[in-house]
Amino acid sequence: FSSNGTSFDPENGVRYGGGYSTQEVLLRQNDDKIVQIKGHVGALKLMSNQIDDELQRQNQFLDGLNNEFERTSSLLAGAMRKTSNLLSQSGGTNYLWYFVFFTIFIFIVLWYFSGSSS
């Protein structure tokens, strides 16, 4: 308090007029701090809601991705099963070896021609 009965709060930059007791000044300061804290709590609540929304969105995306992988896996397993059945019904080991040798032959021819054109 100054000699003229006023007080100055340097932290808030507020001058309180004469006639206020120290207790009233402290109550006003507390009220100001409560308003600030409410603002911070509101901002934190908003951020936590945004984080929750983002996590739910990413969780839905991952669930969809998991379903796609399961579907692709079952399609691949079905294709492998059909290929296996086809090879076993047609004496397929010979056809499989023909396919492997033909593929290797094609790679060798492509490698030879790509090397000789340089």
Side-chain angles (χ1 to χ4, degrees):
F1 285 101
S2 65
S3 60
N4 62 2
T6 62
S7 65
F8 179 71
D9 181 8
E11 186 177 316
N12 294 327
V14 175
R15 181 172 300 282
Y16 298 104
Y20 291 116
S21 68
T22 305
Q23 185 178 6
E24 289 172 330
V25 171
L26 292 175
L27 286 174
R28 287 184 183 195
Q29 289 174 351
N30 284 343
D31 289 342
D32 293 340
K33 295 292 182 186
I34 288 172
V35 169
Q36 289 176 354
I37 290 172
K38 284 181 181 179
H40 292 301
V41 168
L44 288 173
K45 182 179 178 181
L46 177 64
M47 286 192 313
S48 68
N49 286 337
Q50 290 172 341
I51 290 171
D52 182 55
D53 292 343
E54 179 65 21
L55 288 175
Q56 287 181 6
R57 189 182 63 78
Q58 289 183 8
N59 194 26
Q60 288 175 349
F61 171 74
L62 290 175
D63 286 343
L65 194 60
N66 187 38
N67 291 338
E68 281 295 316
F69 279 127
E70 287 177 1
R71 189 175 67 84
T72 303
S73 177
S74 66
L75 288 174
L76 183 60
M80 292 298 291
R81 188 173 46 253
K82 288 178 183 179
T83 304
S84 176
N85 289 342
L86 180 66
L87 289 176
S88 66
Q89 288 175 356
S90 63
T93 54
N94 290 337
Y95 290 114
L96 181 63
W97 285 114
Y98 293 146
F99 178 73
V100 169
F101 288 129
F102 178 73
T103 305
I104 292 171
F105 174 74
I106 293 296
F107 280 124
I108 290 172
V109 169
L110 289 174
W111 175 73
Y112 175 76
F113 284 119
S114 69
S116 64
S117 64
S118 302

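Note that the structure is a prediction, hence the values are computed from the model and not measured.
Residues that satisfy the side chain to side chain donor-acceptor pair (under 3.5 Å) test with Q58, not counting sequence neighbours, are E54. Under the side chain to side chain donor-acceptor pair (under 3.5 Å) criterion, E68 pairs with R71, not counting sequence neighbours. Evaluation of the side-chain contact (heavy atoms from CB on, under 4.5 Å) rule for L55 yields I51 as partners, not counting sequence neighbours. By the side-chain contact (heavy atoms from CB on, under 4.5 Å) test, E70 pairs with N66, N67, sequence neighbours left out. Under the rule for a side chain to side chain donor-acceptor pair (under 3.5 Å), D63 has no partner lying at least two apart in sequence or in another chain.
Atom CG in D32 sits 7.0 Å away from atom CD in Q36 (nearest 0.5 Å). Atom CZ of F102 and atom CZ of F99 lie 8.5 Å apart (nearest 0.5 Å).
Y98 and F107 sit in two unconnected hydrophobic clusters of ILVMFWY residues. Membership requires side-chain heavy atoms under 4.5 Å apart, directly or through other members. Linking ILVMFWY residues whenever their side-chain heavy atoms come closer than 4.5 Å, directly or via other members, leaves L27 and V35 in distinct clusters.
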Can you give the donor-acceptor pairs under 3.5 Å from side chains of residues 41-50 to other protein atoms, not counting sequence neighbours?
unit_1, atom_1, unit_2, atom_2, d
S48, OG, L44, O, 3.4
S48, OG, K45, O, 2.8
N49, ND2, K45, O, 3.4

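Counting Ile, Leu, Val, Met, Phe, Trp and Tyr side chains that sit under 4.5 Å apart, directly or through other members, I108 shares a hydrophobic cluster with V100, I104. Residues F61, L65, F69 make up the rest of the hydrophobic cluster containing L62, defined by ILVMFWY side-chain heavy atoms closer than 4.5 Å, directly or through other members.
The side-chain heavy atoms of Q29 and L26, taken from C-beta on, include a pair separated by under 4.5 Å.
When only modelled atom types and interatomic distance are considered, D52 and Q56 share a side-chain donor-acceptor pair under 3.5 Å.
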